[in-house]
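Heads up: the structure comes next, in structure tokens.
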Number of protein chains: 2
Amino acid sequence: MRTDTKMDRRSRDNARVTITDLSQALSLTKGTVSRALNGYPDISETTRVRVERAAQAMGYRPLSHAQAIKTGRSCSLGLVVELSEHDAHRPFLAEFLAGLTQAASKEGWTLTVATSENESDTLKIMRDLVQDHKADGFILPRVLWQDPRIAFLDREEIPFICYGRPKDHKEMSYFDVASETSMRDAVAWLAGLGHTRIAYIGSSTHYAYSHLRREGYLAGLLEAGIDAAPELISEGALSPDEAAQATRRLLALELPPTAILCATDTLARGVYEVANVLGLKIGSELSVIGYDGSPEAQAMWPRLASFAVDNRKAGAALGAMFIARIRDAGVPVTQDLITADFQPGGSTGRPSMTPDQLARHMVRLSAQELSDQI
Amino acid sequence: MRTDTKMDRRSRDNARVTITDLSQALSLTKGTVSRALNGYPDISETTRVRVERAAQAMGYRPLSHAQAIKTGRSCSLGLVVELSEHDAHRPFLAEFLAGLTQAASKEGWTLTVATSENESDTLKIMRDLVQDHKADGFILPRVLWQDPRIAFLDREEIPFICYGRPKDHKEMSYFDVASETSMRDAVAWLAGLGHTRIAYIGSSTHYAYSHLRREGYLAGLLEAGIDAAPELISEGALSPDEAAQATRRLLALELPPTAILCATDTLARGVYEVANVLGLKIGSELSVIGYDGSPEAQAMWPRLASFAVDNRKAGAALGAMFIARIRDAGVPVTQDLITADFQPGGSTGRPSMTPDQLARHMVRLSAQELSDQI
DNA sequence: AGAAACTCCGAAACCGGTTTCGGCAATGGA
DNA sequence: TCCATTGCCGAAACCGGTTTCGGAGTTTCT
């Protein structure tokens, strides 16, 4: 019986080596070993390395919960993803998680994931996770321009780091992909192809990136020496359908755009839909550029020119930055920016018509669409 | 100073109520309270309800780590997602996580997520997570036909539950979407439209679902009274590009298919690509059906007919099943199946040509493609 | 040389729980 | 009425760590 119990124990914990085992092997007390491993100043250098060597050799890994109960730190980063309808199946998540967990496991940390249905739910979940010591802080994905999570976490003094740059990000820790430069580059690319009427379809201005991308678009126009035309700017589209409506509005203008720049690939789907329905040739009669580099972009025909975001890299960076901040508690803000890679596609080309030729063409196509419907 | 420290403590733990607080309020010992809450038989019914009432009233929530250190259970389900290249940006993950975390939080559990690069890495990570009491068991997504994870977890006696049905699933706990019936329905749909040459492009036979979907396809043919033609079955495609190759092979047959059934939406992208390059009209000259109901399917033009899988529901079911199994340790296997919803799209229609007309059409298109290239 | 200061480690309390053990009071049977 | 159960709870050990406190031994200073 006793052997059985012992086997049971061993199989369950697989001979995990505890700090007591370690201390006995070294003829030291638990306390001393603990202090040695945690860098207390009252341990001699010689015993410290002795302890560290033995820990290494015996494969000692402290049990993070056991530590947590005294220290309050569970060594796990929290991620609460909010599932608003139009955002639900964002493919970015998988890669982002990969990056996060990679950074986490490299430091012996864990990633705790939760989801929420709405904003207040998110705040409640975050508070609970921290109170239950299930997360030491949070990564905030898809930051809003004025994000209630930030105010909340600041108030509760819970550590966090943003993926994105909200309105007041000067004093904040963040990591972001500089989509504004991508938008600027996209305008430059289109202008280089000969486009002069370049429209912009942006997404909800609640998102922080919306503001940056619009700025990038405007900066690109400025650089190209093109005057910004208010009627060519459409913001607030949340879905392909809304982007499709915006596209119809744009194409019905007296001087329609020959190129449309979309803040996301998903919005570009709406542009394609309208073009396909009307029989407008994408890549020649209408150029389109998206942003995200998502699989959707590759599923479109012709392939959508877009900017590929390395979400795995982003996750890895955010994870590493966060852990570093918690570790060395004094670390001030850390900020970092990367840029997305342009992925050309068949969706851009020299404009085959001038804007007013396109306007006349549109009249013809619309008439045909109308007669088709009847 | 003392006030400061106290404030600090309170702000960090926000007045968390411990079992000691509770026991003092009740004039009982910690031990008694603990046993009352955990349903030990040596506690009188009256004190049990008294304790439970007080716990409720004072908002007592046991600290799961503190429990874990003695019991070994951390009340968290583990999910290790393996990031093979072609599988990386699966959009299913977000919804799946939503379901899992929803089920978990309902029971006060947590979801711990890790990622791995390859198979042996996965096993190592799973073992570490269990040894470190960071996961009580695992949900296995995208189960393989012969899955090394299953053998491993069985051997290590670590609890798990499959999303999918592997080769020997009779004795196993699983949840799955019955994609085989969807494939059968797809064939029926196509046959109903008048198709007689219906091809199938399957993905890697390593995946468990591959076998089931092929069986479903064959069952559908049988029901429709169509003889299965080996040359119309292509398996092992991992990417749109490989599906594109398969499509070219199929279309070059003496009697090409007028409809192609794909095991996944992603594979259908390859079919579209070839059709677009050749100028073959999808929906009339060639019908296509996919599976998954992913955003990709909606980005294609015409919209890809597909089967929408409710991954959130799947996650919720898996989470609930798993927790129930751990809780009532004796529970035998639990198994459940749901079916996907057919989403019609413009990608199917009555065949505008017979197979041999299509063959002649193909010769013309291929010649044109060749001359276009030169 | 003696006192003061400093180094370094052991002893023990503690964190928030769980679980074993033993004993007191009430009950039941003879 | 007395003894053996049984029901119910307190006491205390335990889990795997961290942290405080104090003291023994060594160094430094005068």
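The figures that follow rest on heavy atoms only: side chains count, while hydrogens, waters and symmetry mates do not. Keep in mind it's a predicted model, so treat the numbers as computed, not measured.
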Need one value for [X]: base, sugar-phosphate or nothing, where a base atom within 4.0 Å counts as base even if backbone is also close, heavy atoms only.
X: A:Thr32; answer: base
X: A:Ser34; answer: base
X: A:Thr46; answer: nothing

Polar pair under 3.5 Å, donor/acceptor by atom type, side chain A:Asp42, base C:dC9 |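 Counting by modelled atom types and ignoring angles, a donor-acceptor contact under 3.5 Å is found here.
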
Would you say the side chain of A:Arg35 and the base of C:dG10 hold a donor-acceptor pair, judged only by whether the two atoms sit under 3.5 Å apart?
->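 Yes.
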
Just compare [options] and give me whichever is closest to any side-chain atom of [X].
X: A:Arg16; options: D:dG17, D:dG10, D:dT18; value: D:dG17
X: A:Ala66; options: D:dG17, C:dG16, C:dT19; value: D:dG17
X: A:Leu28; options: D:dT19, C:dG10, C:dG16; value: C:dG10
X: B:Leu63; options: D:dG17, C:dG16, C:dT18; value: C:dG16
X: A:Ile43; options: C:dA11, C:dG16, C:dC9; value: C:dC9
X: A:Lys70; options: D:dC9, C:dG16, D:dT18; value: D:dT18
X: A:Asn38; options: D:dC15, D:dT18, C:dG17; value: D:dT18

Mind calculating the distance between [atom1] ([X]) and [atom2] ([N]) to the nearest angstrom?
X: B:Arg61; N: C:dG16; atom1: CZ; atom2: P; answer: 14 Å
X: A:Tyr40; N: D:dC21; atom1: OH; atom2: C1'; answer: 13 Å
X: A:Ile19; N: D:dT19; atom1: CD1; atom2: C1'; answer: 12 Å
X: B:His133; N: D:dG16; atom1: NE2; atom2: C1'; answer: 10 Å
X: B:Leu22; N: C:dC15; atom1: CG; atom2: P; answer: 17 Å
X: B:Gln67; N: D:dG16; atom1: CD; atom2: C1'; answer: 16 Å
X: A:Arg73; N: D:dT19; atom1: CZ; atom2: C1'; answer: 14 Å
X: A:Lys30; N: C:dC9; atom1: NZ; atom2: P; answer: 18 Å

What do you reckon, is CZ of A:Arg53 surrounded by more than 12 foreign heavy atoms closer than 6.0 Å?
->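 Counting neighbours around CZ of A:Arg53, 12 or fewer heavy atoms of other residues, nucleotides or ligands fall under 6.0 Å, so no.
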
Non-hydrogen side-chain atoms of [X] and [Y] separated by less than 4.5 Å:
X: B:Arg61; Y: B:Arg16; answer: yes
X: B:Leu97; Y: B:Leu79; answer: yes
X: B:Leu318; Y: B:Leu77; answer: no

When you check the phosphate oxygens OP1 and OP2 of [N], does a side-chain N or O of [X] lie under 4.0 Å from one of them?
X: A:Thr20; N: D:dG17; answer: no
X: B:Thr71; N: C:dT18; answer: no
X: A:Ser44; N: C:dC9; answer: yes

On DNA chain C, check which nucleotide each of A:Gly31 and A:Glu45 is closest to and give me the residue with the more 5' one.
->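 Final value for this comparison: A:Glu45.
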
For the residue pair B:His133 and A:His65, does the interplanar ring angle fall in the parallel (under 30°), tilted (30 to 60°) or perpendicular (over 60°) class?
->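 B:His133 vs A:His65 ring planes: perpendicular.
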
Cationic tip of B:Arg142 above B:Phe92 ring, under 6.0 Å, 45° of axis |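 Positive - B:Arg142 is close enough to the ring of B:Phe92 and near enough to its axis.
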
